[in-house]
Amino acid sequence: MKKEITAQELNTEAFIQEKVKDIRDAVGDGMAINALSGGVDSSVVTMLGHRALGPQLRTIFVENGLMREGEADQVVAFFRELGVEVEVVDARSEFFAALKGLTDPEKKREAITQTFYRNVFGRIVRESDARYLLQGTILTDIDETVAGIKRQHNVFEQLGIDPKEAFGYHILEPLIQLRKDGVRKLGRALGLQEELFARIPFPGPALAARIIGEVTPERIETIRKATVVIERLLKDSGAFQYLGVLHEDRVTGMRDGKRDFGQQIEVRCWDSTDARTASPTRLSFDLLERIASEIIRDVPGVVSVTYNIASKPPSTIEAI
Ligand code: XMP
């Protein structure tokens, strides 16, 4: 495996030149596809891929039904400004069918991985001439998967899985030596809008990583609405990442003078530099109370809001 390049060591111009050459050498005059989720890593890899391949690269946003509010439209608009056309593929029903009845975290992750790589991309590749998928795996994804903490949805080779055999195409991972801070520095050098490369991290399994228990369209809608409130109120917090978690347990609350056996949202807000360790941000109690009251106001069925005050480790940033 290639050696880590820290953000300080990273010479962005030399790195871009080297990766552009590697991608061109691998793909030749064929076609490649890249999966854009709008997250920092996939946005940076999209720009790098376009620099290398131009019209030989098709960029696809898979609408898996697990994304944040307005995400597909926003991502398409950002990339249009950069001259990159993004195709949106609607695979919502496939993802929800694969997740039906699953409650175990690793089984949920596996269902998302298989649906994404085998079904959706497998089909796109079969129906096109592309033999390469370009994706934004970074070093932290590998570390956690290899350590057995979390199976990140985009890690194969390090687990002994050959994507060509398993899914029928090769995977190129030009960011594999970097961590998040290095990826951001590269994003800036590639001319990506600050709104994109400075975004808080968002996981591949998307909002499904923030639901304890079964992932259904209704439960996604609940965490999606809570996420709107949390992201709006914490965007100026300076934190590394912030998110909500929908719990499975219900608690007794009251609404309109009646008992309401309702849902619970946990708020998490992390200070971190590279996601390997993290500690809860010391948010003011006033801000926490505002988050709680706006979640209860805007998200039907929620009667309890908590704030996580444990660090990683032993916590992890996402909930599943
Ligand atoms: P954890 O939850 O393991 O997260 O402390 C560390 C960082 O990685 C992100 N994360 C993921 N990113 N696919 C990804 O692309 C995944 O499956 C995944 N799981 C967690 C998480 O948001 C945090 O920034």
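Note that ligands are numbered from 1 as they come in the structure, with each ligand's atoms numbered from 1 the same way.
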Cluster link [X] to [Y], ILVMFWY, side chain under 4.5 Å:
X: Met254; Y: Ile296; value: no
X: Phe116; Y: Ile60; value: yes
X: Phe202; Y: Phe78; value: yes

Does Arg109 reach ligand 1 with a nitrogen or oxygen that is under 3.5 Å from one of the ligand's nitrogen or oxygen atoms?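 Min N/O separation from ligand 1 is below 3.5 Å for Arg109.
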Using a 3.5 Å cut-off on N or O atoms only, is Phe202 in polar contact with ligand 1?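 By distance alone, the answer is no.
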Can you pull out the closest protein heavy atom to [atom]? Residue, atom name and distance to 0.1 Å, please.
atom: atom 7 (C) of ligand 1; result: Ala275 CB, 3.8 Å
atom: atom 2 (O) of ligand 1; result: Lys150 NZ, 2.5 Å
atom: atom 3 (O) of ligand 1; result: Glu144 OE1, 2.4 Å
atom: atom 22 (O) of ligand 1; result: Glu318 OE2, 2.5 Å
atom: atom 23 (C) of ligand 1; result: Gln241 OE1, 3.4 Å
atom: atom 14 (C) of ligand 1; result: Gly204 N, 3.2 Å
atom: atom 11 (C) of ligand 1; result: Gln152 OE1, 3.0 Å

[Y] versus [X], side-chain donor and acceptor atoms under 3.5 Å:
X: Lys19; Y: Gln177; answer: yes
X: Gln263; Y: His247; answer: no
X: Thr59; Y: His50; answer: yes

Which of the numbered atoms in ligand 1 are under 4.0 angstrom from any heavy atom belonging to Pro205? 13 (N), 16 (C), 17 (O)
Short list, please: which atoms of ligand 1 are under 4.0 Å from a heavy atom of Lys312?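 Reading through ligand 1 atom by atom, the close ones are 1 (P), 3 (O), 5 (O), 6 (C).
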Quick check: Tyr169 with Tyr117 (ring centres under 6.0 Å apart)? no
Does at least one non-hydrogen atom of Ala209 fall below 4.0 angstrom from an atom of ligand 1? no
Selected option - heavy-atom contact closest to atom 1 (P) of ligand 1, from Ile317, Val155, Thr145: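 Answer by nearest heavy atom: Ile317.
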Within the 4.5 Å heavy-atom criterion, are Arg232 and Glu294 side-chain neighbours or not?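 Yes. Closest side-chain heavy atoms under 4.5 Å.
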For ligand 1, note which part of Lys180 has a heavy atom under 4.0 Å away: side chain, backbone, both or neither. neither
Under-4.0 Å heavy-atom contact with ligand 1, by part of Pro203 that carries it: both
What distance do Ser43 atom OG and Leu36 atom CG have between them, rounded to the nearest 0.5 Å?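 Reported to 0.5 Å precision, the distance equals 5.0 Å.
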Would Lys258 and Asp256 pass as an ion pair if we require N to O under 4.0 Å?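 Judged by the 4.0 Å cut-off on N to carboxylate O distance, Lys258 and Asp256 do not form a salt bridge.
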